[in-house]
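Remarks on the structure that follows.
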Amino acid sequence: MTDVTATGGGSQGLATEIDAELRARARPERAEQEKAYLKSSLEHYGTSMPAIRGAVRSVVGRAALGHDDVVALTDELWALPVHERRQAAVEVLEFYQARLVAGDMPLLERLLRESRTWALVDGLAASVVGPLVEREPEAAAVLDRWARDEDFWIRRSAMLALLLALRRGEGDFARFTRYADAMLEEKEFFIRKAIGWILRDTARKRPDMVFEWLLPRAARASGVTIREAVKPLSEERRAAVLAAR
């Protein structure tokens with residue numbers, strides 16, 4: 001493995017290598033379709049997610065990046081308004097998420113605020129912020145503020161940061177349900193979907209807990225939330241939740 005300080009150009013050089021890989025794997029026809037689908041204001045190369053992941057790992061897998069290198073490379077990739085470069089930045093953070101510390105939460109919040117699409121927000125929140133909050137409990141206090149933020153992407157991020165632990169049958173269900181209860185009657189689709197998604201994944205290992213929380217709130221929850229949340233439940237419990245609406 002090569003020390004990044006010994007490679008030409010440091011983080012800028014690595015960003016240039018990743019960018020070249022992204023362009024080499026791009027499909028122009030995909031760029032137009034994806035830009036339209038995401039209603040994106042960014043430039044799109046047309047590189048698929050598996051290809052982006054492969055491009056990042058083929059470059060950073062050869063470099064020994066420390067904390068500051070990871071942050072610098074993320075900033076280099078993110079600086080240009082190109083969707084695939086920003087997805088690559090998320091992949092870098094996920095690949096090296098163990099390097100991050102609680103002091104990086106302001107950086108992650110900035111990236112989330114600038115993302116403006118689930119295609120960037122969800123990976124950042126679940127796979128980068130989530131493990132950091134598990135590892136550094138003091139960072140979890142930031143989620144309480146996020147859950148009250150006026151930006152619905154930040155509110156969504158507060159919940160999705162808890163997803164992976166809950167999916168494993170662990171995690172802070174009480175914190176999630178506190179957030180979800182406050183947002184349950186929101187009209188925003190991406191909030192409704194996130195609540196249902198997390199309840200669904202939690203219910204796969206702890207259906208009793210989800211059912212007991214959801215049943216008395218069924219009348220307040222949206223159809224989007226309910227449809228997702230009841231999927232892992234027994235037929236009898238699904239019927240009970242639907243009847244309670």
Would you confirm whether D69, through its side chain, and G66, through its main-chain N or O, come within 3.5 Å as a donor-acceptor pair?
yes
R155 and E186 ion-paired at < 4.0 Å: yes
Residues R168 and E170: closest non-hydrogen pair is NH2-OE1, 2.9 Å
Do R145 and E109 pass the salt bridge (charged side-chain N to carboxylate O under 4.0 Å, His left out) test, and can you show the C-alpha distance, the side-chain angles, and the key distance before you say yes or no? CA-CA 11 Å; R145 175 172 58 79; E109 181 174 339; 2.7 Å; yes
Y96 and A63 have their tightest heavy-atom pair at OH-O, 2.8 Å
With a 4.5 Å cut-off on side-chain heavy-atom distances among I, L, V, M, F, W and Y, is there a chain of contacts connecting Y37 to L42? no
Q.
Go through it in stages, so that I can follow the logic: the residues are L132 and L108, the test is side chain to side chain contact (heavy atoms under 4.5 Å, CB included), and I'd like the CA-CA distance, side-chain angles, deciding distance and then a yes or no.
A. CA-CA 11 Å; L132 174 56; L108 300 177; 3.8 Å; yes
Test your reading of the model: is there a side-chain donor-acceptor pair from D104 to the backbone of V101, 3.5 Å cut-off? yes
All heavy atoms of G171 vs all of A165, minimum pair found to be CA-CB, 3.6 Å
- Query: Please walk me through it: do L111 and V128 pass side chain to side chain contact (heavy atoms under 4.5 Å, CB included)?
  - Reply: CA-CA 11 Å; L111 300 183; V128 180; over 6 Å; no
Would a distance-only check, ignoring hydrogens and angles, find a side-chain to backbone donor-acceptor pair under 3.5 Å from R217 to W213?
-> yes
Would you check if the side chain of K205 reaches a backbone N or O of R167 as a donor-acceptor pair within less than 3.5 Å?
no
Interatomic distance, CH2@W153 vs CG@L112, rounded to 0.5 Å, equals 10.5 Å
Next item on the list: Could you go through the side chain to side chain contact (heavy atoms under 4.5 Å, CB included) check for W118 and L38 one step at a time?
Entry: CA-CA 9 Å; W118 60 266; L38 294 176; 3.8 Å; yes
* To do: Assess whether atom CD of E138 is packed by more than 12 heavy atoms of other residues, nucleotides or ligands within 6.0 Å.
  => yes
Is there a side chain to side chain contact (heavy atoms under 4.5 Å, CB included) between F176 and L199 once you walk through the steps? CA-CA 9 Å; F176 163 70; L199 288 171; 3.6 Å; yes
*Is the number of heavy atoms from other residues, nucleotides or ligands within 6.0 Å of CD (E114) greater than 12?*
yes
Decide, yes or no, whether a salt bridge links R178 with D172 under the criterion of side-chain N to carboxylate O below 4.0 Å.
-> no
Rounded to the nearest 0.5 Å, the CG atom of D122 sits from the CH2 atom of W197 at a distance of 4.5 Å
Query - Side-chain (R99) to main-chain (L65) donor-acceptor, under 3.5 angstrom - result: yes
S11 and E76 have their tightest heavy-atom pair at OG-CG, 3.9 Å
So OG1 of T225 and CE of M183: to nearest 0.5 Å the spacing works out to 11.5 Å
Is there a path of hydrophobic side-chain contacts, each under 4.5 Å between heavy atoms of I, L, V, M, F, W or Y residues, that connects M159 with M209? yes
When the ring planes of F152 and F190 are compared, do they come out parallel, tilted or perpendicular, using 30° and 60° as the limits?
parallel
Distance col, row Q12:CD vs D75:CG, nearest 0.5 angstrom, shows 12.5 Å
Tightest non-hydrogen contact, residues W78 and S115, listed as CH2-OG, 3.4 Å
Between the OH atom in Y179 and the CG atom in L143, the distance rounded to the nearest 0.5 Å is 4.5 Å
- Between the main-chain N or O of P50 and the side-chain N or O of R25, is there a donor-acceptor pair closer than 3.5 Å? no
Could you tell me whether R148 and D144 have a side-chain N and a carboxylate O separated by less than 4.0 Å? no
In this structure, CG of L124 is separated from CD of E91 (nearest 0.5 Å) by 10.0 Å
Between E136 and L100 the two heavy atoms that sit nearest each other are OE2-O, 4.4 Å
*Going by the angle between their ring planes, with limits at 30° and 60°, are H44 and H83 parallel, tilted or perpendicular?*
parallel
Scan the side chains in residues 237-245 for donor-acceptor partners under 3.5 Å anywhere in the protein, sequence neighbours excluded, and list what turns up.
from, atom 1, to, atom 2, distance (Å)
R237, NH1, D208, OD1, 2.6
R237, NH2, D208, OD1, 3.1
R238, NH1, L233, O, 2.5
R245, NE, A218, O, 3.4
R245, NH2, A221, O, 2.8

